[in-house]
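Report on the following structure.
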Amino acid sequence: MKKLSDLGERRAIQLISNILSKGKIAVGIGDDCAAFEFGKDYLLVTTDMISEKTHIPKVMSPWQIGWFIVAINLSDIAAKGGKPLGLVLSLGLPKNTSESFLKDLMRGADKCATQYNTTIVGGDTKENNEITLCGTAFGLVKKDEFMSRKGAKPGDIVVVTGTLGKAAAGYYALKNNIRNREMLKGFLEPIPRIKEGMALAKTKLATSAMDMSDGLSSSLYQLQDLNKVGFEIDKEKIPLSSMLLKIEGKQGFDVYDHAIHFGGDYELLLTIPQNSFREAQKTMEKTGNSLTRIGRVTKETKILIKSNGKTQVLENRGYEHFIKRKHL
């Protein structure tokens, strides 16, 4: 009998999807959000959960925990180009949780929600042995602006918003007792790319899109599986976080490995037509962020990475619940 440790999160999701009845829904399991017909729009719905053991390091403040649970849910809305409508939060907390902890938790959650022009409208509270939080976010996007994970085709180029490696740098600082608030912030206070997603959606250029919560390599493998295409990535074109570059040269630390595989950056990964890059780049510049071309979509279903004139298969070493990969 196979266990979840044999299947991994994504095969477990596929198993669940195969069992469930399919309702009248525009987009179901397998994308960042579900999408319901809602007049000329899609109503977006997504949910994400964190628990004390897997997501909440001891240095994480209650305020940061609150920010985090809202941010990771809004990131899924951003990946579809949606405008957030609101969130509900379910809180599983130990009975000895202090009143001040609860207040700070909700202040952090409220700050993240209001910063992205939305609010927390309800939820649930229950007693639990360890902190377990679940968020559900709702959003709207015009049907013709919805950025699906499906649609990448050979000849498209691969682009990413912002820089990669912010979370990896923060994790390194945490593990090595480096007291650098800016470094830690990249790991503990992720930024959902709401305005970037909405701006890119309006261009209608994206042939596929998702957020990179699990890392670049893992995200590419997920897009490969859905689109039956391959990718060729130029390693030296991957935009590296300034915080990550502070660690460059440390013994045994490969900045590109961490930028590619670590995850936790919540940037957007998209494919767009090759001749549309400049238009998309200008759109991103107006949001105050950057868009970088890092590779191309290929017909052959392999994921390759080029560096210094050499090409090799890019390993899937991104994060996946239940399964233990060769990681960093």
Legend entry - K204/E279 ion pair, N-O < 4.0 Å: no
Nearest-0.5 Å distance, [atom1] of residue [X] to [atom2] of residue [Y]:
{"X": "N316", "Y": "L216", "atom1": "CG", "atom2": "CG", "result": "10.5 Å"}
{"X": "K228", "Y": "K150", "atom1": "NZ", "atom2": "NZ", "result": "9.0 Å"}
{"X": "E315", "Y": "S217", "atom1": "CD", "atom2": "OG", "result": "9.0 Å"}
{"X": "L85", "Y": "L43", "atom1": "CG", "atom2": "CG", "result": "6.5 Å"}
{"X": "T298", "Y": "I233", "atom1": "OG1", "atom2": "CD1", "result": "9.0 Å"}
{"X": "S98", "Y": "L102", "atom1": "OG", "atom2": "CG", "result": "8.0 Å"}

Inset, instruction - May I have the step-by-step check of salt bridge (charged side-chain N to carboxylate O under 4.0 Å, His left out) for R107 and D104, ending in yes or no? - result: CA-CA 5 Å; R107 286 176 182 133; D104 284 347; 3.1 Å; yes
Contact between [X] and [Y] at the side-chain level, heavy atoms closer than 4.5 Å - yes or no?
{"X": "I77", "Y": "Y116", "result": "no"}
{"X": "Q274", "Y": "R296", "result": "no"}
{"X": "L244", "Y": "Y172", "result": "no"}
{"X": "L269", "Y": "L220", "result": "yes"}
{"X": "T118", "Y": "F138", "result": "no"}
{"X": "N73", "Y": "P192", "result": "no"}

Inset, instruction - Answer with yes or no whether the side chains of D156 and T207 bring together a donor and an acceptor at under 3.5 Å. - result: yes
Closest non-hydrogen atom pair, [X] against [Y]:
{"X": "L87", "Y": "A113", "result": "CD1-CB, 4.2 Å"}
{"X": "L226", "Y": "G30", "result": "CD1-O, 3.8 Å"}
{"X": "G263", "Y": "A167", "result": "O-CB, 3.3 Å"}
{"X": "V229", "Y": "K153", "result": "CG1-CA, 4.4 Å"}
{"X": "I72", "Y": "I69", "result": "CG1-O, 3.5 Å"}
{"X": "G92", "Y": "N128", "result": "C-CB, 3.7 Å"}

Count I, L, V, M, F, W, Y as connected when their side-chain heavy atoms are under 4.5 Å apart, and connections chain through other members. Are [X] and [Y] then in the same cluster?
{"X": "I194", "Y": "V159", "result": "no"}
{"X": "I157", "Y": "V297", "result": "no"}
{"X": "L140", "Y": "I25", "result": "yes"}
{"X": "L223", "Y": "M212", "result": "yes"}
{"X": "L164", "Y": "M243", "result": "yes"}

Inset, instruction - Return each pair, listed once, that meets ring-ring contact (aromatic ring centres under 6.0 Å, His included) where at least one residue sits in residues 180-225; pairs must be two or more places apart or across chains. - result: Y171-F187
Legend entry - Test salt bridge (Lys or Arg N to Asp or Glu O under 4.0 Å) applied to K111 - qualifying residues, sequence neighbours left out: none
Inset, instruction - Could you check L133, T125, T132 and say which one makes a side chain to side chain contact (heavy atoms under 4.5 Å, CB included) with L93? - result: L133
Inset, instruction - With sequence neighbours excluded, give me every side chain to side chain donor-acceptor pair (under 3.5 Å) pair touching residues 176-191. - result: Q64-E189
Legend entry - E236 CD: over 12 foreign heavy atoms closer than 6.0 Å: yes
Legend entry - Criterion salt bridge (charged side-chain N to carboxylate O under 4.0 Å, His left out) on K142 and E145, from CA distance to verdict: CA-CA 5 Å; K142 292 186 184 302; E145 294 180 4; 5.9 Å; no
